[in-house]
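Notes to accompany the following structure.
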Amino acid sequence: MATSMIHIFVTVMLVAAHTAIAETMMLQDFCVADLSNGVKVNGYPCKDPTKVTPEDFYFVGLANAAATANSTMGSAVTGANVEKVPGLNTLGVSISRIDYAPGGINPPHLHPRASEAIFVLEGRLFVGFLTTTGKLISKHVNKGDVFVFPKALLHFQQNPNNAPASVIAAFDSQLPGTQVVGPSLFGANPPIPDELLTKAFGGLAAPEIQKLKGKFPPKK
């Protein structure tokens with residue numbers, strides 16, 4: 001009897017743990033409950049199975065390098081997430097290609113819902129991330145190398161060379177989300193007050209704050 005109770009207890013705890021983990025795998029920044037609607041969805045509703053086609057699981061956008069000439073940072077990201085590949089819905093994975101012009105960067109940013117692993121297709125990059133204690137973990141990576149960025153930590157990639165570079169990035173979320181430091185702070189809508197940013201950046205003068213805000217127009 002005692003053994004059976006232990007088995008039941010362990011089973012219940014495992015189910016509870018699995019449920020708790022599943023419920024924390026958010027696919028958007030937040031989910032305000034609509035109490036008038038009995039449907040609970042974290043992601044996208046499901047397509048009618050009779051209307052599913054192979055194209056729902058297929059994407060050709062990563063085969064070729066994206067244009068970086070018009071990018072102010074000298075990089076271009078081509079994402080293959082659930083918005084491009086509907087078959088990824090609920091699978092918790094996605095992939096991207098990032099191309100870098102000579103001297104280009106993928107500026108400091110974070111993915112609030114995913115860890116990231118990059119595989120270097122071509123070129124050589126300087127990559128790194130910051131821990132919550134402010135330690136920089138960085139390395140030069142070459143063609144064929146893999147580097148991992150832990151979930152929700154600030155990270156970057158830089159191409160310090162005179163030749164283009166590219167990587168394939170894998171994520172453990174169908175929609176990782178991206179927050180880039182500059183646009184997030186200086187292009188917020190509504191804007192973050194100048195006096196707050198001045199204090200946060202060690203007394204940076206108000207004209208400089210305004211200059212930075214001018215470089216990152218707020219998103220509508």
Side chain of [X], backbone of [Y]: donor and acceptor closer than 3.5 Å?
{"X": "Ser94", "Y": "Ser173", "value": "yes"}
{"X": "Arg97", "Y": "Leu62", "value": "yes"}
{"X": "Asn81", "Y": "Val85", "value": "no"}
{"X": "Asn106", "Y": "Phe156", "value": "no"}

What I want to check is whether the side chains of Asn161 and Arg124 have a donor and an acceptor closer together than 3.5 Å. no
Cut-off 3.5 Å, side chains only: do His109 and Thr178 have a donor facing an acceptor? no
Would you call Asp145-Lys139 a salt bridge at under 4.0 Å N-O? no
Residues two or more places apart in sequence or in another chain: which of them pass side-chain hydrogen bond (donor to acceptor under 3.5 Å, both in side chains) with Thr53? none
Please name all residues satisfying side-chain hydrogen bond (donor to acceptor under 3.5 Å, both in side chains) with Glu208, sequence neighbours left out, ordered by chain then number. none
What verdict does the side-chain contact (heavy atoms from CB on, under 4.5 Å) test give for Val120 and Asn142, after you've listed the backbone C-alpha separation in whole Å, the side-chain angles of each residue and the deciding distance to 0.1 Å? CA-CA 6 Å; Val120 183; Asn142 303 292; 6.0 Å; no
Walk me through whether Leu197 and Leu204 qualify under side-chain contact (heavy atoms from CB on, under 4.5 Å). CA-CA 8 Å; Leu197 291 172; Leu204 190 65; over 6 Å; no
Decide if the gap between the ring center of Phe201 and the ring center of Phe186 is smaller than 6.0 angstrom. yes
Any heavy-atom pair between the side chains of Ile105 and Asn159 that's under 4.5 Å? no
Any side-chain heavy atom of Lys213 sitting closer than 4.5 Å to one from Asp194? yes
More than 12 heavy atoms of other residues, nucleotides or ligands under 6.0 Å from CG of Asn162: yes or no? no
Could you check whether atom CG of Asn64 has more than 12 heavy atoms from other residues, nucleotides or ligands sitting under 6.0 Å from it? no
Parallel, tilted or perpendicular: which one describes the rings of Phe149 and His155, with boundaries at 30° and 60°? parallel
Could you give me the CA-CA distance, side-chain angles and deciding distance for Ser115 and Phe171, then say whether side-chain contact (heavy atoms from CB on, under 4.5 Å) is met? CA-CA 6 Å; Ser115 299; Phe171 303 91; over 6 Å; no
Looking at every heavy atom in both Pro112 and Pro176, which two are closest together, and how far apart are they? CD-O, 3.5 Å
Begin from the C-alpha positions of Ile137 and Thr131 and carry the test side-chain contact (heavy atoms from CB on, under 4.5 Å) through to its verdict. CA-CA 8 Å; Ile137 308 293; Thr131 70; 4.1 Å; yes
